[in-house]
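Notes to accompany the following structure.
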Amino acid sequence: MLSVLQLFGGVGLFLFGMSFMGSSLEKLAGSSLTKILEALTTSKKKGVGAIKGWGLGVGVTAVIQSSAATTIILIGFVNAGIMKISQTLPVVFGANVGSTVTAQILRLGDLGSDHIILQLLKPSSFAPMLSAIGAFTYMFTKKRRVKDFSGILLGLGLLFYGMTMMEEVFAPLQHSERFKQFFTSFENPFLGILTGLVLTAIIQSSSASVGILQALSATGSVTYAIAVPIIIGQNIGKCFTIILAGIGANRKAKRVSLSYILFNLIGAAVFTTVIYLIYYTIGIPGFAKVINRGGIANIHLAFNLLTSIMLLPFCNALSELTGRILKEDETGDVDKELQRLNPMLLGTPGIALQQSIRVIHVMEDKILENFRYATGLIDKYDPQVFSSMQENENFIDRCETMLSDYVVRIDRRRLTGDNRRVVLEILNSIGDFERIGDYCMNIAYVAEDMDATGLSFTEVGKRELQTITDASLYALDTVCKAFTEDNGREASRVEPLSDTIDRMKDIIKAHHVGRLQDGSCSVEGGVALLDLINSFERIASHASNVALHVVKRTTGDSDFDEMHGHIFDESTEEYQALIKYYDTKYIDPLMNMAAVPKDVPAGQTDSVPLEKEPASKKPKKDNTSDKKTSKKDSKKKKDKDKKKK
């Protein structure tokens, strides 16, 4: 019983040490790992890009010692549209090779003990020293990089400690005839493959399962005939980590996962067929000989290295295969939309402009969708919805970059006067649309933090939040409709609503201070509430900026300065009518929130009936700059708002 506990303890130390060492290495490298992966997987020469990607996969995985972690990073790049599936495959192949480094390190246990230097190089000798230095440095240092480096030493020491403990458990078995007879049964290829597969699937690490096999080799009972099928099975078993990571993911992520699985399945099929075809026909000399740690490490390396070399020329074919299996094209919906911005269409400026308009309309739809997703997450957080938001946000970001570059290349001299104004409207608006998308993500990040920490709002806080949410959605929906339909009257409603939402933010802040003073609201919940209402206010402000561009374009007034001007003079009848309507719809219920009984459902108040929304007349332009913060000043303000990304 004690030996079993010692075995589990050794496996636990081995797994923890390997994980801790990998995470410390990743932290020490910082964001350079992802930047390297992003930059060094392509080349103008077809074959060079694949070779670079393969080498990169080897190097990165050798550092973090997890081919699964490297694959998950690649999934993120594919989701972001930074890389195509065919680009990720060489990196995936290289990652499998890089994951064999741990076994190569563990082969140091085969060193003899004839000399003091060789004795010190054995893991059993330097494991205590590494653990001690790493642990003490990790505990007492405050410098981040020193802490990360000491974490590497500590992880490596614990890894070797675990290996030593497993060897001590298996040591008495080297004289047991019953154990040798039992272990000989693994010479059956199917039984050996199944054993390696199950073991790796259970402990979720091929490096750890190979390490256990290396520890068993110290008993002298493991032969090449036993080790080969187990190692093949271990390489299949490590796919279970990727299968679990792919559950619930989108199709692009599943295609990357599937390529990882196919790599190991194809390698296992080829190796098993070739080796045992030779073995059962002409025989393999030395197959019955005892294998040591180094031999196991070499077979593990050979399997992954030869499989990657064999499949590397077929990256595109394998990419197409994953697409056919999961019924998805290499070109996803996002890429299809952005392909509208074809440089060949720049020769016909009118058509190029129409394509740009179509793309920005899709961008609007994604922003509206993300707003509704984000506000829904506040009440009920759903990781799947959050993942969908991230996909939309990646599309929004790419739209801004590609539209800005594409639209400025359209030859305005060959456009009509109205189309030239459309070009200016798009160029001036896409930045505001992108920032609205950022603040939608900020709302989602707050919702994610609230779910993780178990934070919730008071009933009054929920009602207040719902009120400003409704107002912000109306502002965003209105400006998108106005932009799509070229409706200046619709756009003119947004600026007074933005002013109203700004006042709503101040009212909610004041109510929050009151709840803090009477102890009905926590500080943590209040921080989340303020972060949310600030995001809503900024969304409305950017929507107002877009509305100004719409008005300038639809009125055709080149003298209207949308950077400093206003749609209405605040003293005009039209402005006051809209303000009165918004006050009745949003401000009055908000002011009555504190008086609402606790048993009244959220979203229902005893406010006065809403008046009918006033019809806007043709907006008047007011170019005075002292009544509202200029767009340039607004940009300075908004840049100070930290978005969570």
Spatial distance of atom OG1 (Thr375) from atom CD1 (Ile468) [nearest 0.5 Å]: 12.5 Å
Those residues that, when tested against Asp382, pass side chain to side chain contact (heavy atoms under 4.5 Å, CB included) (two or more places apart): Leu377, Gln384, Val385
Separation of Ser356 OG from Leu341 CG (nearest 0.5 Å): 5.5 Å
Between Tyr439 and Asn370, a side-chain donor and acceptor under 3.5 Å: no
All salt bridge (Lys or Arg N to Asp or Glu O under 4.0 Å) counterparts of Asp486, not counting sequence neighbours: Arg553
Side-chain donor/acceptor of Ser498 to backbone N/O of Val494, under 3.5 Å: no
Counterpart residues, salt bridge (Lys or Arg N to Asp or Glu O under 4.0 Å), relative to Arg358 (two or more places apart): none
Any donor-acceptor N/O pair, Tyr381 side chain to Ala444 backbone, under 3.5 Å: no
With Phe457 via ring pair (Phe, Tyr, Trp, His ring centres under 6.0 Å) - residues at least two apart: none
Electrostatic pair Asp506-Lys509, nearest N-O below 4.0 angstrom: no
Validation row, ring centre Tyr373 to ring centre Phe386 under 6.0 Å: no
Phe433 six-ring centre to Lys366 NZ/CZ under 6.0 Å and within 45° of normal: no
Contacts of type salt bridge (Lys or Arg N to Asp or Glu O under 4.0 Å), residue Asp405, not counting sequence neighbours: Arg409
Glu400: salt bridge (Lys or Arg N to Asp or Glu O under 4.0 Å) partners, not counting sequence neighbours: none
Check: Leu530 main-chain N/O paired with Asn534 side-chain donor or acceptor under 3.5 Å: no
N/O donor-acceptor pair under 3.5 Å between Lys147 side chain and Tyr138 backbone: yes
Ser429 (side chain) donor-acceptor with Ile426 (main chain) under 3.5 angstrom: no
Polar side chain donor-acceptor pair, Gln466 to Asp470, under 3.5 angstrom: yes
